[in-house]
Number of protein chains: 2
Amino acid sequence: MTSDGRRTRASGRPTLEQVAVEANVSRGTASRVVNGSLEVSPWALKAVQDAIRKLGYVPNHAARSLVTQRSDTVLLVVSESEDRVFGEPFFASLVRGLSLELSTTPLQLNLIMANTARQHGRVEQQVRNGHVDGVFLISLHGDDPLPRNLIDAGAPVAVIGRPMSDIGAAPYVDADNESGARSATEYLYNQGRRRIATITGPQDMAAGVDRLAGYRSALRGKRGVSRLIAQGDFGQASGEAATRELLAKDPTLDAIFAASDLMAAGALRALRAAGRRVPDDVAVIGFDDSEVARHTDPALTSVRQPMQQMGRELAKLLITQLRDRETKLSPVILPTELIIREST
Amino acid sequence: MTSDGRRTRASGRPTLEQVAVEANVSRGTASRVVNGSLEVSPWALKAVQDAIRKLGYVPNHAARSLVTQRSDTVLLVVSESEDRVFGEPFFASLVRGLSLELSTTPLQLNLIMANTARQHGRVEQQVRNGHVDGVFLISLHGDDPLPRNLIDAGAPVAVIGRPMSDIGAAPYVDADNESGARSATEYLYNQGRRRIATITGPQDMAAGVDRLAGYRSALRGKRGVSRLIAQGDFGQASGEAATRELLAKDPTLDAIFAASDLMAAGALRALRAAGRRVPDDVAVIGFDDSEVARHTDPALTSVRQPMQQMGRELAKLLITQLRDRETKLSPVILPTELIIREST
DNA sequence: ATGAAAGCGCTAACAT
DNA sequence: ATGTTAGCGCTTTCAT
């Protein structure tokens, strides 16, 4: 008990009630001010604002959630099997973009790593419980049932990276992989390279398919250019192996476009082992503009994706759906940029 | 209204009340079961459990928070200026460790990027509001007031990476940087290298200081070994410059221990430019065992930190404090491992 | 424009 | 061991 005989609150945090008392208005009016209602007299408005400042009042999230039935929380789900993705610097940029955009809203960002089916279940549960108002999904596997389940559970979803299969109503953000690959290949062509090979990504992932399509598109109709395709899996070892294979098929090749920086780094190794100079004998271009690209020797020319911007767009996609559940959004495809370094 | 005249809940989610009705017990008893109280008859226990399963009941987080005055949420604060850290693969492992450990608790992980002072303010506010029960801090700047402010605000804090200045009551987790650096240096010595240089990290960061100390300690008392120290900032360019400097001072040096993989990658470039073969002429060791280490040519021998384990320990540090606010915890220092690759 | 009051779903103290 | 009940802090009708 305080000296005036009233119970002390456990935490020192002021409540809306206290603000109302301080401002000589009812709790209802105070609430209206906090929530920006227009039906408040200028006089009351000021009194409440002053009280809020004086007391250092901040709304209680739990109490508000309880009555509004919203959580003001969005979930970023990272499939652990994709932790290469997670570990790449571009993930940091993506999250920065998300944060930037979310910081203009009352939404909190919850992070969950969902590797197992059991954890996928937890995600769905969180959605059904209303603990989460919306979900960001990162780089799905082809046949992942998660997005559809989440949508069925009633949550808006936004996906980063074009899903291979139809994913229901979930909009996505992606870089323009095809166009990026096309520019890279055209750059090699314009350099005068005429024996241009590519190392593809896995063909069950959109990024793999689209980048190969870009390579093909760049060379379509061009005469006097030899095309050469080897299959990779985005990993360095596969790039190295693919390059050896390519070299065996055509020892005179003078350019390689790899669908990932890691594969390009592998190509660099294989080329050096084969005694080829880069870029003198063979030019190499990677994709992603990852950390690795900056640290190989020679440094890699690479196709950059605007990850931070993609993060912002991703956030916008979800925010829009949150504001109006009925909105049907289209995918957002952002342009890439070719970053020239030493390998071309 | 439903046909039986009672109001329908907006969301279909069952409440504890409905569980109680279904199980023919009071809400109180149902609550006891949900919260694992022992004062429940086996009979009631089963009835409630069945009802929970049948209805698919899950507790409402907001309602619980409201009454318990806990949020069951912990916050991971990433200083954006440290986004190199964030982007490194080891961050993924750290988060995985955190998630793993937190998944055994009802704690949710909230992610916030706090670059600006304004955002630091937001973090403090979240703590004061009770929106967050505890905070993880990652790689602080020397004189960052955040940890102390948070502790003052009443939140348990756990820090990853030894802070330079005293940080108050916050325990931390770190790798044994000194011992890691010592093993690396000793490895070079045991290889027969006798002109062993080091490229240090910034000396206003614990990792920089400790790794230099490890180098010194390894060589202490050894005769016939030349020591050579150049200053770096953990970045690749600084490693390249430092190596040129080192080479100028001692053209015969036969080993370099760099306090980061990025600097080691820079060293590799400078050595190649200078016509030195690695590891034949000069052996190189980095630190962090990052993605970059696996993709340089030659691949880098590097000191690995057990990031996932560090994540788990970090979580434990916070969980312990959450359970008992009075606990005073000691720092946790985890051993490193030397990963041998092609550069030695 | 404002006040009064009814809950949101839950826990915990109290009574039995 | 179980039921009853008083709030937790807030938003939102419904009156006025």
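Below, each value reflects all heavy atoms present in this structure, side chains not excepted, and no hydrogens, waters or symmetry copies. Quick note on labels: first sequence line is chain A, next is B, and so on, each numbered from 1.
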key: From C:dT11, D:dT11, D:dA1, nucleotide with atom closest to B:Glu39 side chain   = D:dA1

task = Check whether any side-chain nitrogen or oxygen of A:Thr68 sits under 4.0 Å from OP1 or OP2 of C:dC8, and answer yes or no.
result = no

ask   = Once you round it to whole Å, what is the distance between P of D:dG3 and CH2 of B:Trp43?
value = 10 Å

A:Val19 side chain reached by A:Lys54 side chain, heavy atoms, under 4.5 Å = no

task = Specify the separation, in whole Å, of atom CG of B:Leu66 and atom P of C:dC8.
result = 13 Å

request  = Under 4.0 Å from any atom of DNA chain D, heavy atoms only: list the residues of residues 23-37 of chain B that qualify, in numerical order.
outcome  = B:Val25, B:Ser26, B:Arg27, B:Gly28, B:Thr29, B:Arg32

query = Applying the side-chain contact (heavy atoms from CB on, under 4.5 Å) test to A:Leu111, which of A:Val95, A:Leu75, A:Val78, A:Val77 qualifies?
reply = A:Val78

task = Let me know the distance between CG of B:Leu16 and C1' of C:dT11, rounded to the nearest Å.
result = 9 Å

message = Are B:Leu150 and B:Glu124 packed together at the side-chain level, in the sense that at least one heavy-atom pair is separated by less than 4.5 angstrom?
response = yes

key: Any side-chain heavy-atom pair of A:Asp72 and A:Thr105 under 4.5 Å   = no

key: Audit row: A:Ile112, A:Gln126, side chain to side chain contact (heavy atoms under 4.5 Å, CB included) steps and yes/no   = CA-CA 11 Å; A:Ile112 192 168; A:Gln126 289 211 42; 4.0 Å; yes

task = Identify the residue among B:Val159, B:Leu94, B:Val332 that makes a side-chain contact (heavy atoms from CB on, under 4.5 Å) with B:Val173.
result = B:Val332

Members of residues 44-62 of chain B that approach DNA chain D, where some heavy atom sits under 4.0 Å away = B:Ala44

inquiry  = What verdict does the salt bridge (Lys or Arg N to Asp or Glu O under 4.0 Å) test give for A:Asp152 and A:Arg148, after you've listed the backbone C-alpha separation in whole Å, the side-chain angles of each residue and the deciding distance to 0.1 Å?
reply    = CA-CA 6 Å; A:Asp152 289 349; A:Arg148 179 146 261 141; 5.3 Å; no

remark   = Nearest-nucleotide check on DNA chain C, A:Pro42 vs A:Val67; residue mapping nearer the 5' end is A:Pro42

Under 3.5 Å, which donor-acceptor pairs do the side chains of residues 56-65 of chain B form with other protein atoms, sequence neighbours left out?
from    : atom 1 : to      : atom 2 : distance (Å)
B:Asn60 : OD1    : B:Ala62 : N      : 2.8
B:Asn60 : OD1    : B:Ala63 : N      : 2.9
B:His61 : NE2    : B:Ser71 : O      : 2.8
B:Ser65 : OG     : B:His61 : O      : 3.4
B:Ser65 : OG     : B:Arg70 : O      : 2.7

inquiry  = My understanding is that only one of A:Leu137, A:Ile138, A:Asp174, A:Leu98 makes a side-chain contact (heavy atoms from CB on, under 4.5 Å) with A:Ile160; could you say which?
reply    = A:Ile138

inquiry  = In this structure, how many angstroms lie between the P atom of C:dG9 and the CZ atom of A:Arg64, rounded?
reply    = 18 Å

inquiry  = Any side-chain N or O of A:Gln69 below 4.0 angstrom from OP1/OP2 of D:dT11?
reply    = no

